[in-house]
Protein chains: 2
Amino acid sequence: MASEKSENSRSDKQRVTIREVAAKAEVALSSVSRALSGHPDVSDEMRKRVKEIADELGYEPNLVAQSLRSGVTRTIGFVVRDINNPMFALLARSCENELRRNGYSMILVNSDGSIENENRNFSLLRRRRVDGIIASLVSEDSPYLIKNLDSPRSPIVLLDREVKGINASAVLADHAAGVHEAVTHLIKAGHREIAFITGSNNVYPTRNRLQGFTKAFEDAKLKLQPDLMAIGGFDAEYALSHARILLHRNPAPTAILAGGHGALMGVSRALKEKKITMGKEIAFIALDQLPYLEVFSDNISTVYRDTEAIGREAARLILEGIDGEKPRVSLIETQFIERASSQGGLQHA
Amino acid sequence: MASEKSENSRSDKQRVTIREVAAKAEVALSSVSRALSGHPDVSDEMRKRVKEIADELGYEPNLVAQSLRSGVTRTIGFVVRDINNPMFALLARSCENELRRNGYSMILVNSDGSIENENRNFSLLRRRRVDGIIASLVSEDSPYLIKNLDSPRSPIVLLDREVKGINASAVLADHAAGVHEAVTHLIKAGHREIAFITGSNNVYPTRNRLQGFTKAFEDAKLKLQPDLMAIGGFDAEYALSHARILLHRNPAPTAILAGGHGALMGVSRALKEKKITMGKEIAFIALDQLPYLEVFSDNISTVYRDTEAIGREAARLILEGIDGEKPRVSLIETQFIERASSQGGLQHA
DNA sequence: CTCTTCACTGGAAACGTTTGCAATACTGGA
DNA sequence: TCCAGTATTGCAAACGTTTCCAGTGAAGAG
């Protein structure tokens, strides 16, 4: 493939457009467009010829121009609190894979737990004319939300969030079932002082876990102990400080449930401080099967859900939405997985 | 598949464009554009009037059109092997923050360890006309690389990668220094059988760590033991199988260095299998300060680098490049941090 | 009073595609 | 032979901006 005069054209800065391909092939712009985009009304000869010349010239279609003309960007916004949370990273990963398999790219934005940030991000994504947004909202009752999400131009998929009165799909995990299972297990083992640390209840997972928690107590005809419940923050600092307080309580909790990555971090640090070992002096259950747990601390009992599947499902829901189908909610099951850490805690028995 | 399509309540709502704003304000399109984009040649009255009406109509500028006209997308491609690797997640996070602060969005793509994928991703990003690409390449000697990265239209920043003959900036960690420090520490403590497990040496970190490793042996006038080195894969499976082999060796290694997230996972699993405790029967050093370590296993000695700073620096380098400055390489220091896990291993002594 | 300058404003041409429509050539049936 | 039908192709108008250029009226200078 020795080319005589392609050397000069390689170094010049102008991008090659469909127009140059057309000129070199001595056909119309429209024919080039049709030939390259797989339009049916094109002769085999034309298609072959155009493709050859496009390759030769190193033509790279301009997706920006395509988007402007076609009104479709093949881009999805992915909004999370913090990609650094391994749960979100796993979601992003499986979601991006599924999207890319379908020809879509993903714009990642971290809202950093700030509602104002989140709102700015939504508005930026809309200006970018993304074809859809997948989001794990900071809160379900932000004043901007309705304005932002109601009657949206492009479909929205909420990750584990429930917002009333808007037209969005959602992937919801059935936390309640798994938590119910876990707490019932603890109660049957004799636990009565069960602590519960998780994020604030302005998001679905907290409320839903709380339901499972409460129902387990009801079913066992026990009454809840609200002072054992710290429901207010997903960050490790919140969990750490509240775990410290709870561990000083009298009687001390015999079991602890930690909801989310931050809670797991905080609680495990607090336990370490007091040299309390999970599965011995206290029973511990993580309400999320975080990715690193499998390998690193393979003795931690968890409420499991298939996070990869959730990411994939979110991608599918958004693609459905783009296809014009009605929003729908997809429920993902959870399951209590008993390991060593949920033993113990009842040394007095 | 008679799927029920929703009413096109989405597409019927015409977006408001600059044209409608102009009409309602009874001024020219160009004036609206100037008023909203902060162009100096606009009277205060005009600007006020246009802004009011734009707000009133809920005008949202179309970034696609802006990009097409201006030739600038304010978008950066971020290419990593797997965002699910916490190191990459942390990088992505700090990088995205810095980019967003400067008005840029980030397109995330996972290349999944496949060179073909990576290549497709590069080409996609170029078609999207991103203003720059930040990438942690799968390999430094892929046949596509030169074609893809040579004389690029838009700047490129490599994350801990060195590719000869191309015009790219890079953020490189000075792994050699930290590893040298760590290994020297082990040697001084009496270790001679030091195992080293990490990814293949077609990427800079491996080669650079190897340099530090080798030099530490040279400085101590000891000779390397190649059969204690497993250099070939960043995934946990590779590390697991090779750690198993190494632990069966006679004499067994008294210390292990694990480079990267996968190696850490694999090695710690292998140790767990054989019920060998880090810091007791064996000395262990992780060649990366992975985010979860801080909280979860706070006794693991590591070679530390400031990953957040690396992400920020990558963002800055790409912005510099967009500003027309010449590519440059930024070196980030590393440092051995001694904790409990690097104790022990010398019970026979 | 005229001319220049100044501070705006409007018109229209891009940016690189897709696509509706018209034009062409060819095919085969009447 | 002629005409409808079919398969291609080309032309030109969008898509929503930015920006160059020319034009306007007013103000200041001579």
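The model shown is predicted, which means the values in this text are computed figures rather than measured ones. Reckoned from all heavy atoms, side chains included, excluding hydrogens, waters and symmetry mates. Numbered from 1 within each chain, the chains take letters A, B, ... in sequence-line order.
- Between A/Gln66 and C/dT18, a side-chain N or O to OP1/OP2 separation shorter than 4.0 Å is present.
- Between the NE2 atom of B/His39 and the P atom of C/dT9 there is a distance of 11 Å, rounded to whole Å.
- For the OP1/OP2 pair of C/dT9 and a distance below 4.0 Å, the side-chain nitrogens and oxygens of B/Ser31 include no atom meeting the criterion.
- In this structure, OG on B/Ser37 lies 8.0 Å from CD1 on B/Ile18, to the nearest 0.5 angstrom.
- Mapping A/Arg47 and B/Asn62 onto DNA chain D by nearest heavy atom places A/Arg47 closer to the 5' end of the strand.
- Summarising the geometry, the separation between CD1 on A/Ile18 and P on D/dA14 is reported as 19 Å, rounded to the nearest angstrom.
- Residue-to-nucleotide contacts include a donor-acceptor pair under 3.5 Å from the side chain of B/Arg34 to the base of C/dG10.
- Within the nucleic acid shown, A/Val27 comes within 4.0 Å of sugar-phosphate atoms alone, with no base atom in reach, counting heavy atoms only.
- When rounded to the nearest whole Å, the span between CZ of B/Arg129 and C1' of C/dC15 equals 11 Å.
- Counting any heavy atom pair closer than 4.0 Å across all strands shown, B/Leu63 reaches no nucleic acid atom.
- Here D/dT18 presents its C1' atom at 13 Å from CG of A/Leu68, a figure rounded to the nearest Å.
- Shown are A/Leu172, A/Asp160, A/Ile310; of these, the side chain to side chain contact (heavy atoms under 4.5 Å, CB included) with A/Ile332 is made only by A/Ile310.
- In this structure, A/Ser33 reaches the bases: a heavy-atom distance under 4.0 Å links it to at least one base atom across the strands shown.
- Between B/Arg312 and B/Glu98 there is no salt bridge, since no side-chain nitrogen of the basic residue lies less than 4.0 Å from a carboxylate oxygen of the acidic one.
- Spacing between atom CG of A/Asp41 and atom P of C/dA25 amounts to 18 Å, rounded to whole angstrom units.
- The distance between atom CZ of A/Arg19 and atom P of D/dG10, rounded to the nearest whole Å, is 14 Å.
- At a cut-off of 3.5 angstrom, the base of C/dT17 holds no donor-acceptor pair with the side chain of A/Arg69.
- As a whole-Å value, the separation of A/Met46 CE from D/dA7 P is 16 Å.
- Put simply, CG on A/Leu29 is 17 Å from P on C/dG20, counting in whole angstrom units.
- Taking 4.0 angstrom as the limit, B/Ser37 places none of its side-chain polar atoms (N or O) nearer than this to OP1 or OP2 of D/dT18.
- The side-chain tip of A/Arg161 does not point at the ring of A/Tyr204 from less than 6.0 angstrom away and within 45° of straight on.
- A donor-acceptor contact under 3.5 angstrom links the side-chain atoms of A/Ser30 to the base of D/dC11.
- By the neighbour-count criterion of 12 heavy atoms within 6.0 Å, atom CZ of A/Arg127 is densely surrounded, having more than that number from other residues, nucleotides or ligands.
- Comparing D/dT17, C/dT9, C/dT17 by their nearest atom to the side chain of B/Ala65 picks out D/dT17.
- The phosphate of C/dA7 has neither OP1 nor OP2 within less than 4.0 Å of any side-chain N or O from B/Ser43.
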